[in-house]
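In listed order, ligands and their atoms are each counted from 1.
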Amino acid sequence: MAYSSIKTFALLALASAVTATPCPYGALAERGALPKAEADKFFAARAERDVNIDDIKLSKREAEHAAQEKFYKRQVDLGDLLLGGGLLNGVLQPFTGVLADLDVPVPQEFSLKEIPGDDVAHQYVAPGKTDVRGMCPTLNTMANHGYISHTGITTFAEAANACQITLGFGYDTCIFLSAVGLLAGGDLVSGAYSIGGADSRVPNTLGPSLGISKHGFFEIDNSISREDYALGNQADFRLDRWEALVNITEKYGGEFGNSAFAEERVMRYNEAKNINPEFDAGVRWLAVSTAERVFIFRALPNGTHETLADYQNVAPFYLNETFPEEWYRRADAYTLAETGTDIANLLASSSEVTTPGVNEGLNNFVPLGIDLGSVTPTEATCFLASAIFDETPGFLAPGLVDNFDVVEAFLNGAVAPFFASFDCAISGYSQPGANASSSTAGVSTDCNILVNGVYQC
Ligand code: HEM
Ligand SMILES: *[C@@H]1O[C@H](CO)[C@@H](O)[C@H](O)[C@H]1NC(C)=O
Ligand SMILES: *[C@@H]1O[C@H](CO)[C@@H](O)[C@H](O)[C@H]1NC(C)=O
Ligand SMILES: *[C@@H]1O[C@H](CO)[C@@H](O)[C@H](O)[C@H]1NC(C)=O
Ligand SMILES: *[C@@H]1O[C@H](CO)[C@@H](O)[C@H](O)[C@H]1NC(C)=O
C-alpha cells in the first residue's frame, strides 16, 4: 500500500472514530486497542443502543404522523379544509381554489451547519436603495444574505424555508411565524409580503397589503430594539435601546439569556405604561414580546455552544444585520412546544407580573383580566395560538376582513394542525367586528444599511 493511501486510510479511520464515538473507551475499541472479548462487548452494546435510539425516533415520528392523519380526517369531516392545506406525514398539503398559487413551505433537514460558510450564493450583500428592511433583525439578515429575496419582498414559503435553513427553527415554528407575517401585511393569494412597510411590489389581490410592520398585528409595543408605534418609527433600529439591553446583560455574565430578558422586559413594560398613551399590551403583545426575547437565546448562539447567547454571537445580527463569522446554526429543530416552555419560564422569572392591558391615555391603564401569575408551558404555547386564532379578526387589513372565509381556510389549512396536540381552548373564530380593519400602512426602516448599529444614509 502506498504511503499516501495508508495516510488516507488512517485519517478516515480517525474521522469515523471521532464521529461515531465521542467516548474514549469506544475510540480504543475502534483502534483495536482493547482485548477482543471486551471490544466485541462494546460493539454489541453500541449497535443495540443505536438501534434503540433509531427505534424511539421512528416510533415517535410514527405516532406523530398517526395523530396528524387523525386530525386531518377530522378537519376534512368538519369541512374545515375548504381551500386545501392540512398536515400529513409532517408536510403541509397544497392549497386549492383561490389559494391554489400559494406555495407551501418544505420541511428542511436539521444538523449542525455553518451558515453561510463559504456558500458563494449567500455572502453578505448590503441592501440597495430599493431594498426593503424592517424591524425583524433575522429577516433583515436573511435578506442581506439572499436566503430570502434581497429586495425584502418575500413569501410565506420562502421565509418559512429560510427560517429553518438559517436558524434551525422547526417546521412548525417557522410556518407559524411566516403565517403571522403573511396575515399581518401580505397578499394571501400569492403569499407575498414585505418584511418592512407597504410596497408596490406586493400584490393587493384581496385588498391593500400593508407590510408586516403594520402596527398591532405582529408589530407590537415593547419591542427590544425598536420604538413603540405611537412614539416614533416602529421599524428603525434604536442604538440606545440596544445599549440598554447590553448594559443589562453585563449583570448576567454578558449573556443575552433568560435572566437578562426577564429584567429588560419588565423595564420596557413599566416605561411604556408611563410614557406611551396608546400602550397596547394585549394578547398579541403577550405572545410576540415574549417569543422574540426567547428566540434570541435559542436561535442566535453558535450551534457549537447552543446555550451561550453572548455578545459575539448576538451583536452581528443586530448591529450589522449579518451572520457572525464562522457561525453554526443550532443542530436540532426548535419547536412550538419548546417556545411555550421558554415563554413560561421567562414569565416565571420576571420580577413583576406585567399585567396585560391597554393605556386609554396616560395614567389610565385598563387591565384585560389575564392572569400571568402562573403559566404552564402548554398555556404559553396556547398564547401563540390565541394570538392568531382568537385575536386575528380584530386586526386584519380591510381586504382580509371582507374575505374572512379565505383567512379562516388558510388558518385551518396552514396553522391549526400545528396546535392540534396542545388542546388549546380555542372555541372557533371570533368574527371581525364592524370596526375591525385598520388600513394604516406599516413603515420600513428610514434607511436600510446598518453598520455597527448606525444607519449609513
Ligand atoms: C419567518 C418569519 C418571521 C417573521 C414574519 C417575523 C416578523 C417579525 C416582526 C413583525 C417583528 C416585530 C415584533 C415587534 O414589534 O417587536 C419581529 C421581531 C423580532 N423577530 Fe422576527 N419574524 C420572523 C422570524 C424570526 C425568527 C426565526 C427569529 C429568530 C431569532 C426572529 C427574531 C426576532 C426578534 C429577536 C425580534 C425583536 C426585534 C427587536 O425589537 O429587537 N424572527 N419579527
Ligand atoms: C450603558 O452603560 C454605560 C456605561 O455604564 C452608560 O454610559 C450608558 O449611558 C448606558 N446606556 C444605556 C442606554 O443605558
Ligand atoms: C460590524 O461591521 C463592522 C464593519 O465591517 C465591523 O468593524 C464590526 O466589528 C462589526 N460588528 C459586529 C458586532 O460584528
Ligand atoms: C463557533 O464555534 C466554532 C467551533 O468552536 C468556532 O470556530 C467559531 O469561532 C465560533 N463562532 C462564533 C461566532 O462564536
Ligand atoms: C366604530 O367606529 C365609529 C366611527 O369611528 C365609532 O363612532 C364607533 O363608536 C365605533 N364602534 C365601536 C364598537 O368601537
Only heavy atoms of [X], strictly under 4.0 Å: list the atoms of ligand 1 that pass.
{"X": "Gly181", "value": "5 (C)"}
{"X": "Val288", "value": "13 (C)"}
{"X": "Cys163", "value": "27 (C)"}
{"X": "Ile296", "value": "35 (C)"}
{"X": "Glu219", "value": "15 (O)"}

Contact atoms of ligand 3, heavy-atom distance to Asn452 under 4.0 Å: 1 (C), 3 (C), 7 (O), 8 (C), 10 (C), 11 (N)
For Asn320, the ligand 3 atoms whose distance to one of its heavy atoms is below 4.0 Å: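 So the atoms of ligand 3 that pass are 1 (C), 2 (O), 3 (C), 8 (C), 10 (C), 11 (N), 12 (C), 14 (O).
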So, regarding Tyr311 and ligand 3 (criterion: nitrogen or oxygen to nitrogen or oxygen, under 3.5 Å), is there a contact or not?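 No; every N/O pair is 3.5 Å or more apart.
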Give me the protein N, O or S atoms that fall under 2.8 Å of atom 21 (Fe) of ligand 1, sorted by chain and residue number. Cys136 SG
Tell me yes or no: between the side chains of Asn276 and Asn359, is some donor less than 3.5 Å from an acceptor? no
Are Asp80 and Gln75 linked by a side-chain donor-acceptor pair shorter than 3.5 Å?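 There is no such pair between these side chains.
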What residues sit with at least one heavy atom under 4.0 Å from ligand 4?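 Around ligand 4, where the cutoff is 4.0 Å for heavy atoms, the contacting residues are Asn302, Thr304, Gln312, Asn313, Pro324, Glu325, Glu326.
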Counting distance only, does the side-chain N/O of [X] pair as donor-acceptor with the main-chain N or O of [Y] below 3.5 Å?
{"X": "Ser111", "Y": "Lys113", "value": "no"}
{"X": "Glu306", "Y": "Ala331", "value": "yes"}
{"X": "Thr445", "Y": "Arg133", "value": "yes"}
{"X": "Asn320", "Y": "Asn452", "value": "yes"}

Roughly how far, to the nearest 0.5 Å, is the CZ atom of Phe279 from the CG atom of Asn274? 10.0 Å
Just how far is it from atom CG of Leu396 to atom CG of Leu188, taken to the nearest 0.5 Å?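 Rounded to the nearest 0.5 Å, the CG-CG separation comes to 9.5 Å.
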Between Glu263 and Lys251, does at least one N-O distance fall below 4.0 Å, as a salt bridge requires?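 Lys251 and Glu263: salt-bridged.
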Leu167 N/O to ligand 1 N/O under 3.5 Å: no
If you have a sec, work out which protein heavy atom is nearest [atom] and how many Å separate them, to one decimal?
{"atom": "atom 15 (O) of ligand 1", "result": "Ile220 N, 2.8 Å"}
{"atom": "atom 14 (C) of ligand 1", "result": "Ser223 OG, 3.2 Å"}
{"atom": "atom 30 (C) of ligand 1", "result": "Ala299 CB, 3.5 Å"}

Can you find a heavy atom in the side chain of Val353 that is under 4.5 Å from one in the side chain of Tyr269? no
Ligand 1 contacted by Tyr318 (non-hydrogen, < 4.0 Å):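 For ligand 1, residue contact (heavy atoms, under 4.0 Å) with Tyr318 is present.
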Would Tyr193 count as a contact residue for ligand 1, given that I'm defining contact as a non-hydrogen atom of the residue lying under 4.0 Å from a ligand atom?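 Under 4.0 Å: yes for Tyr193.
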Going by the angle between their ring planes, with limits at 30° and 60°, are His122 and Tyr147 parallel, tilted or perpendicular?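 Parallel.
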Please state whether the rings of Tyr311 and Trp242 are parallel, tilted or perpendicular, taking 30° and 60° as the class boundaries.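 Judged by the thresholds at 30° and 60°, the geometry between Tyr311 and Trp242 is tilted.
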Hey, do the aromatic rings of Phe317 and Trp327 have their centres closer than 6.0 Å?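 Here the rings of Trp327 and Phe317 have centres that are less than 6.0 Å from each other.
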For the OH atom on Tyr171, are there more than 12 heavy atoms of other groups (residues, nucleotides or ligands in this structure) within a distance under 6.0 Å? yes
Restricting to non-hydrogen atoms, name the atom on Glu352 and the atom on Asn270 that form the minimum distance, rounded to 0.1 Å.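 For Glu352 and Asn270, the tightest heavy-atom pair comes out as OE1-ND2, 3.2 Å.
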Yes or no on salt bridge (charged side-chain N to carboxylate O under 4.0 Å, His left out) for Glu264 and Arg293, after CA distance, side-chain angles and deciding distance? CA-CA 10 Å; Glu264 180 263 357; Arg293 285 168 171 82; 2.6 Å; yes
